[in-house]
Number of protein chains: 2
Amino acid sequence: MPKSPEADSRRLQMADIARLAGVSTSTVSRALAGSKLISEETRSRVMELARSLNYSINIGAQNLRMKQNRTVGVVVPYDPATRQHLSDPFFLSMLGSLADALTEQGFDMLVSRVDAGTLDAAATPFDTGRVIGIVLIGQWRHHDQLNQLAARHVPIVVWGAQLPQQLYCTVGGDNLAGGELAGAHLLAQGRKRIAFFGDINLPEIGQRYQGLCQALTAAGIAADPALLVPASFVPNGGRLAVDELLARKAPFDAVFAGSDLMAMDAINALRQHGLDVPGQVAVLGYDDIPLASYFHPPLTTVRQPMQEAGRALVAALLELAEGGVAPSVQLPTQLIIRSSTV
Amino acid sequence: MPKSPEADSRRLQMADIARLAGVSTSTVSRALAGSKLISEETRSRVMELARSLNYSINIGAQNLRMKQNRTVGVVVPYDPATRQHLSDPFFLSMLGSLADALTEQGFDMLVSRVDAGTLDAAATPFDTGRVIGIVLIGQWRHHDQLNQLAARHVPIVVWGAQLPQQLYCTVGGDNLAGGELAGAHLLAQGRKRIAFFGDINLPEIGQRYQGLCQALTAAGIAADPALLVPASFVPNGGRLAVDELLARKAPFDAVFAGSDLMAMDAINALRQHGLDVPGQVAVLGYDDIPLASYFHPPLTTVRQPMQEAGRALVAALLELAEGGVAPSVQLPTQLIIRSSTV
DNA sequence: CTGAAAGCGCTAACAA
DNA sequence: TTGTTAGCGCTTTCAG
């Protein structure tokens with residue numbers, strides 16, 4: 001007997017408890033909800049019965065009736081081209097920190113992944129009434145689509161950079177300051193030819209690059225376009241960027257990478273080309289993923305405060321979901337100096 | 001005006017579409033469901049209307065009526081003592097691979113974290129009718145509680161080791177074989193004093209250790225209890241284990257760590273003690289997390305096949321949820337030889 | 001081909 | 001203090 005479609009024991013429901021307790025469903029409902037209208041004796045009898053029978057209220061029905069909901073959607077866009085799997089440690093950490101923050105607030109988390117090309121699908125869990133709002137991890141270049149969602153009054157908050165003309169709420173690190181910190185640190189180490197690895201069309205990355213440029217300017221150094229390498233977040237993006245940079249034959253003594261992963265990849269590549277890190281080339285990452293400190297050499301990087309990020313995202317979303325307004329927030333970033341630059 | 005509890009525009013529902021289209025809700029329902037009973041003209045009119053108004057069916061109500069559900073619960077137990085945040089890259093990867101597998105099957109993923117001490121809370125999303133079953137990541141030492149859940153007919157599949165007297169379905173790597181592979185490799189490198197870092201009370205870890213012992217036995221070497229260090233998965237568990245091992249003054253020329261993270265931590269600690277890896281001590285990890293290859297030296301490790309893991313977990317769960325039986329499965333593991341042991 | 005009516009499992013007036 | 005009744009938004013017989 002492979003499958004028994006309709007199993008033996010139908011799922012227990014309130015009516016069953018009511019019958020067994022010899023009361024009406026209203027009474028059961030009230031007892032379970034802890035209403036003060038119920039006699040102590042009845043309440044305890046009902047609760048005891050429910051517990052011993054392992055009965056739990058059907059949340060779907062309850063939600064329908066009460067028009068409430070304690071679930072938020074977290075969506076992670078993926079690149080339809082690479083069909084890239086959710087694997088960047090940074091995103092994953094963010095997921096973890098969101099789970100923590102939501103648990104703390106008594107909310108559940110419905111995770112879905114959507115094709116970044118059709119980002120309005122991100123709103124589906126909301127449109128279908130499954131969640132009270134959406135947290136989107138990864139702004140990428142979908143500013144317009146996000147604006148449309150916001151215009152549709154989808155409660156949505158996205159992890160990313162603040163942009164002009166932005167209708168939606170973002171929570172993100174202070175990328176400009178982060179870039180500047182990084183630049184200033186490298187300059188302080190005596191580096192003058194600082195290469196930047198990253199796709200500056202991505203808002204966050206662009207701002208980090210701007211920050212770097214500000215630091216350079218402040219030091220009276222002009223940013224050299226030959227040192228800007230448009231690396232992407234593909235698995236060996238750092239290596240490719242190193243190859244590209246070397247091919248350009250522009251001298252450099254430091255690399256500021258758009259993410260820790262890219263920095264690590266770059267370091268390995270540099271080493272294979274016989275370049276010493278940090279001796280000949282200082283390398284600085286971004287994010288401070290857990291493994292940055294385990295790397296050899298331990299990675300100097302700009303930390304994005306994950307735990308606070310999760311909390312801030314959740315706080316903003318709940319505010320929006322309640323019909324309030326949630327201003328975008330920028331979380332402070334922090335330079336973590338390890339051995340890859342000194 | 002901070003909040004507007006009941007916003008301007010009530011959420012659209014089927015009745016609205018029906019009215020606007022001048023038909024009954026039955027017709028709308030059928031049209032949207034693609035029933036063949038509806039005239040082509042009516043269907044397209046309704047669908048067009050729905051699309052232009054951005055209407056989506058309320059899944060909660062639909063589920064209630066149809067007694068169906070396309071959501072599965074993924075629960076990640078956390079240690080109540082350390083209140084440890086969901087941060088181990090391996091768990092996170094698993095989450096990603098589950099998300100992929102579920103998306104592939106058209107299911108949503110409801111993630112929750114539960115206190116490992118009260119593991120029966122893991123069934124809550126099922127008991128409350130929110131999900132059709134549970135995938136539990138991390139068996140830990142909760143064999144009995146898991147058995148109880150299974151006895152209650154909660155469709156549940158757990159990532160972990162197969163144990164005797166097990167009522168629930170597990171999907172896991174072949175830890176015994178993994179341990180043996182690791183041991184054989186180290187022995188083949190001429191290492192004879194192999195230390196093991198990990199808590200062998202955890203089923204998976206215990207089996208890995210057993211595998212190591214088998215390899216030793218096959219080589220005619222007796223396992224030395226002085227080389228078994230009960231390290232745990234705390235952030236600096238590897239370092240602590242190294243300290244402990246050195247304090248014991250038992251000579252060793254290799255370390256087999258219970259996870260990649262622990263291996264990396266151990267390598268850093270060994271290095272600080274002036275020991276060369278792999279020159280004086282070969283170090284081998286477990287999991288093959290993405291960053292294992294980025295580490296310096298790149299880490300030799302036993303790979304657990306994540307993508308297949310996700311798929312297998314989901315397949316088993318769906319089978320169970322349909323009332324079928326799902327045998328436990330062991331996924332093959334693979335030794336990935338990099339530089340930390342050769 | 002379409003509509004009226006009943007009901008999924010629950011809660012909340014309103015009565016008693 | 002408790003029960004009766006009317007829905008929450010949807011699908012689906014059963015009659016037209």
Side-chain angles (χ1 to χ4, degrees), chain A residues 6 9-47 49-50 53-71 124-132, chain B residues 6 9-47 49-50 53-71 124-132:
Chain A
E6 359 211 319
S9 56
R10 190 186 39 98
R11 222 177 165 104
L12 226 46
Q13 44 186 84
M14 203 173 266
D16 300 315
I17 306 294
R19 190 162 14 78
L20 264 36
V23 296
S24 72
T25 61
S26 329
T27 301
V28 175
S29 172
R30 291 197 263 254
L32 261 28
S35 158
K36 318 212 50 158
L37 294 178
I38 300 292
S39 79
E40 186 47 53
E41 189 250 314
T42 315
R43 183 199 339 290
S44 59
R45 188 156 45 89
V46 168
M47 297 201 101
L49 198 56
L53 266 49
N54 240 297
Y55 166 77
S56 310
I57 288 181
N58 179 316
I59 301 232
Q62 189 183 53
N63 282 349
L64 181 57
R65 173 63 225 235
M66 299 177 73
K67 290 162 167 267
Q68 60 157 29
N69 195 329
R70 307 275 302 172
T71 308
T124 306
F126 173 77
D127 289 335
T128 58
R130 310 205 50 177
V131 304
I132 59 166
Chain B
E6 359 211 318
S9 56
R10 190 185 41 98
R11 218 174 168 109
L12 225 47
Q13 45 186 82
M14 203 173 266
D16 300 315
I17 307 293
R19 190 162 15 78
L20 264 35
V23 295
S24 72
T25 61
S26 326
T27 300
V28 174
S29 172
R30 288 196 267 252
L32 261 27
S35 159
K36 317 211 51 158
L37 294 178
I38 299 292
S39 77
E40 186 47 53
E41 189 250 316
T42 315
R43 184 205 330 295
S44 58
R45 188 156 45 90
V46 169
M47 296 201 101
L49 198 57
L53 266 50
N54 240 297
Y55 166 77
S56 307
I57 288 181
N58 178 316
I59 301 231
Q62 189 182 52
N63 282 347
L64 181 58
R65 173 63 225 233
M66 300 177 75
K67 291 162 165 262
Q68 60 157 30
N69 194 330
R70 306 275 302 171
T71 308
T124 306
F126 173 76
D127 290 334
T128 57
R130 310 202 51 174
V131 304
I132 59 167

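Numbered from 1 within each chain, the chains take letters A, B, ... in sequence-line order. Computation of the quantities below employed the complete heavy-atom set of this structure, encompassing side-chain atoms and omitting hydrogens, waters and symmetry-equivalent molecules.
Of the candidates dC10(C), dT4(D), dT12(D), the closest approach to any side-chain atom of Ser24(A) belongs to dT4(D). With dC10(D), dT2(C), dT2(D) as the candidates, the nucleotide lying closest to the side chain of Tyr55(B) is dC10(D). Minimum atom distance to the side chain of Leu64(A) is reached by dG9(D), of the listed dT12(D), dG9(D), dC10(C). Of the candidate nucleotides dG3(C), dC10(C), dT2(D), dG3(C) has the atom lying nearest to any side-chain atom of Val23(B). Candidate nucleotides dT4(D), dT12(D), dG9(D) were compared by shortest atom distance to the side chain of Lys67(A), and dG9(D) ranks first.
Between the C1' atom of dC1(C) and the CZ atom of Arg45(B) lies a distance of 13 Å, rounded to the nearest Å. One atom, CZ of Arg130(B), and another, P of dC8(C), lie 22 Å apart when rounded to the nearest Å. Regarding Arg30(A), its CZ atom lies at a distance of 13 Å from the P atom of dC14(C), rounded to whole Å. Between Met14(A) atom CE and dC8(C) atom P there is a gap of 14 Å when expressed in whole angstrom units. If you measure from atom CD of Gln13(B) to atom P of dG9(D), you get 4 Å, rounded to the nearest angstrom. One atom, CG of Asp127(B), and another, C1' of dG9(C), lie 16 Å apart when rounded to the nearest Å. For Ile57(A) and dA12(C), the CD1 to P distance is 10 Å, given to the nearest whole Å. Between the P atom of dG9(C) and the CG atom of Asn63(A) lies a distance of 15 Å, rounded to the nearest Å.
Residues Thr25(A) and Leu37(A) each lie close to DNA chain D; by heavy-atom proximity, the contact nearer the 5' end of the strand is made by Leu37(A). Mapping Met66(A) and Thr27(B) onto DNA chain C by nearest heavy atom places Thr27(B) at the nucleotide closer to the 5' end.
Atom OG of Ser56(B) and atom CG of Leu32(B) lie 9.0 Å apart (nearest 0.5 Å).
Looking only at atom types and distance, the side chain of Ser26(A) has no donor-acceptor partner in the side chain of Ser29(A) under 3.5 Å away.
For the OP1/OP2 pair of dC1(C) and a distance below 4.0 Å, the side-chain nitrogens and oxygens of Thr42(B) include no atom meeting the criterion. For the OP1/OP2 pair of dG9(D) and a distance below 4.0 Å, the side-chain nitrogens and oxygens of Gln62(B) include no atom meeting the criterion.
Residue Ser26(A) is classed as a base contact, given a heavy-atom separation below 4.0 Å to a base.
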